[in-house]
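To find a chain, count down the sequence lines: A is the first, B the second, and so on, and within it residues start at 1.
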There are 2 protein chains.
Amino acid sequence: MKKISIRDIAKKAGVVPSTVSFVLNGKDKEMRISQVLTDKIKAIIEETGYYPNHTAVSLRTGKTKILGMLVEDIANVFFSTLARTIEDEAYAIGYKIVYCSTENNDEKGIELLKMLCRQQVDGFMITPSAGMVKEIQQLREQKMPLVLMDRYFPGLDIPYTLVDNQDGVQQGIEHLLQKGYKNIAFVTVDLDQVQMKERERAYKQVLQANQLSADNNLLKIPYKLKPEQYIDAITLFLKERTSIDAVFFATNYLGVYGLQSIRCLKLSIPADIAVVCFDDHDMFRFYTPSITVISQPIETIAKTAIRLLVEQLEKGVSTSNKKGVFVKGQLVLRNST
Amino acid sequence: MKKISIRDIAKKAGVVPSTVSFVLNGKDKEMRISQVLTDKIKAIIEETGYYPNHTAVSLRTGKTKILGMLVEDIANVFFSTLARTIEDEAYAIGYKIVYCSTENNDEKGIELLKMLCRQQVDGFMITPSAGMVKEIQQLREQKMPLVLMDRYFPGLDIPYTLVDNQDGVQQGIEHLLQKGYKNIAFVTVDLDQVQMKERERAYKQVLQANQLSADNNLLKIPYKLKPEQYIDAITLFLKERTSIDAVFFATNYLGVYGLQSIRCLKLSIPADIAVVCFDDHDMFRFYTPSITVISQPIETIAKTAIRLLVEQLEKGVSTSNKKGVFVKGQLVLRNST
DNA sequence: CTGAAAGCGCTTACAG
DNA sequence: CTGAAAGCGCTTACAG
């Protein structure tokens, strides 16, 4: 039972393959193929269950209708949620997604980029690590449609979309200030990543704008420690600084560890200490009586990414393509009922 | 700057494209191409940065080296973790993955299946919904390599891999019995899914084997309610049955809701009530002083799935392909430090 | 309206 | 060892 080809359909219909192709691609009117013939061909296609070989179409048209998605780690809920929306948006306009996880590793990311180029993907959606900048610039120069997500390279002409870190931190800190907290610590991870740096900068800036000093209340923890090590580091930090009455955690998992520390120290929340986290986490819904979160609008980010990509896919890549979009985060109070 | 093709390389090397192709595919020895020539060609390939157009290779060889992965929902941590390991395994042997989420919806699943067939994927890894059985059987008859994950169709000749539900429930219940609990409730979701039915059956069977009645302690909650509704249902159930001293939640999110209910009822854990959950959840590590979990070895499931698929990819699909593999779950005690 | 032909970029028997 | 040719299954100018 060999696969049916367009020639088989043509033979059955008593026409030449081109005619079938025109019908298949909705060019029957344009090519002035009679309605009767069109219907006949459509009936045969229906009846035989024929569908075009996508590989052949790709080779001929030069378009695979596949997009490459490079995220840091698909098992991470942020990226898998992103992937979910991207999937819907992409499939709706006829694109499939090939995914891979870079692990935030430059070499792996570059390798995967090459692999997907070889695969002839039509475009890229990338959560880049800092070391991938050269390869990404090259792709951009070669007019490959691409968009960065969750990260970006400030100053470079590469489209991106991510949460507005500056604004988010500002929302969070001002929320705490408004509640009357004065000694607001900031716990972040020591990582060469634009968004972390921006969050830290924003923290300092907002405190400064309010005539408060950020000098002694900043904790930077190394990247990729074990849970216990995070918890210990935060515990030690909080123990030594009893004047702290609020903490801003720069990302959700720090918040999760921080809550553990706070519990170890028998500080109650929010009576003794107020907490704000960047990025949401399932756990915040249950863990504690009250925690404030700067929630990333992941759906919006995903939709924006696809929009920016489609723009390039359709109109071609140029410097006139809208460069970058910051999406506002949302202040959300998480309460367990 | 047009893309370089094999003909360009051939021209540069002063040979015919076939020769380049042989070198490219490691058939230089076989075709007795001189070492000198091979080296020369390789140097040119290196120098020009040429790589074969995968679409053309696919059309010619009939193999796309793409696998289709249909999961219920990529945003769900179980499936995204599965996806992560599958990715590693697949890339290591030269396959890419196209993913899609079926939402456990028969029609959507069938549609996606068709779409991926059109895309000429080489094989499928599927988390099927019950209604997809016919289409999956058809694929199997057409000798399409495929493997089911997390679900299966008992009695049908379709390879699968999933956790051993019977064994897992038995481990959990016997753990509770051993601890001296006598009135063990079972909370599950009312869904036509093999694994849920198997877990329920196992619960009844184990109780029966221990001369205990399961009649009054079984709660089946409708699928896809809102969190509050789950919590309310469980709360009501536990309130009405004060003799219950332990609960087995059939899946992790029920456990998460259950813990909320237990907290609402001011029952402490595990002093007043012991809890076991099927499937792990991040939250169990933090939420409560102690909870026992039947942890699914997701990595093993993923690796097994790839293994079963590769077997078919390489040796062809036949009824002699090993049919199904149950993977044993692990009893894990979750403690917060 | 329809047909014959070229060509997308490869791989692989076949001939020498 | 090397070369010429067919063909994977399509699409699309071109000619009539």
Between [options], which nucleotide has the shortest distance from any of its atoms to the side chain of [X]?
X	options	answer
B:Leu59	D:dG9, D:dT12, C:dG3	D:dG9
A:Val15	C:dA6, C:dG3, C:dC10	C:dG3
B:Phe22	D:dC8, D:dG9, C:dA13	C:dA13
B:Ile6	D:dC10, D:dG3, C:dC10	C:dC10
B:Thr61	D:dC10, C:dT11, C:dT2	C:dT11
B:Asn25	C:dT11, D:dC10, C:dT2	C:dT11
A:Ser18	C:dT11, C:dA5, D:dC10	C:dA5

Which residue pairs satisfy the ring pair (Phe, Tyr, Trp, His ring centres under 6.0 Å) criterion with at least one member in residues 103-160 of chain B, sequence neighbours excluded? B:Tyr152-B:Tyr160, B:Tyr152-B:Phe326, B:Tyr160-B:Phe326
Sequence neighbours excluded, every pair satisfying ring pair (Phe, Tyr, Trp, His ring centres under 6.0 Å) that has a member inside residues 35-86 of chain B: none
Run through DNA chain D and report every stem of 3 or more consecutive Watson-Crick or G-U pairs, distances under 3.5 Å, ordered by first number.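 Paired runs of 3+ in DNA chain D: C:1-3 with D:14-16, C:5-12 with D:5-12, C:14-16 with D:1-3.
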Write down the distance between [atom1] ([X]) and [atom2] ([N]), rounded to a whole number of angstrom.
X	N	atom1	atom2	answer
B:Asp8	C:dG9	CG	P	9 Å
A:Leu37	C:dG3	CG	P	9 Å
B:Lys29	D:dT2	NZ	P	13 Å
B:Arg118	D:dG9	CZ	P	17 Å

Using 4.0 Å as the upper bound for N to carboxylate O, is an ion pair formed by B:Asp88 and B:Arg84?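 Looking at B:Arg84 and B:Asp88, the cut-off is met.
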Would you check if there is a donor-acceptor pair between the side chains of A:Ser129 and A:Asn104 at a distance under 3.5 Å?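 No, A:Ser129 and A:Asn104 have no side-chain donor paired with an acceptor closer than 3.5 Å.
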Where do B:Asp73 and B:Glu103 land on the side chain to side chain contact (heavy atoms under 4.5 Å, CB included) test, with the steps shown first? CA-CA 6 Å; B:Asp73 178 6; B:Glu103 290 171 6; 5.8 Å; no
Is any side-chain nitrogen or oxygen of B:Lys27 closer than 4.0 Å to OP1 or OP2 of C:dT11?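 No, no such contact exists.
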Within the structure, does a side-chain N or O atom of A:Tyr51 lie under 4.0 Å from either OP1 or OP2 of D:dG9? no
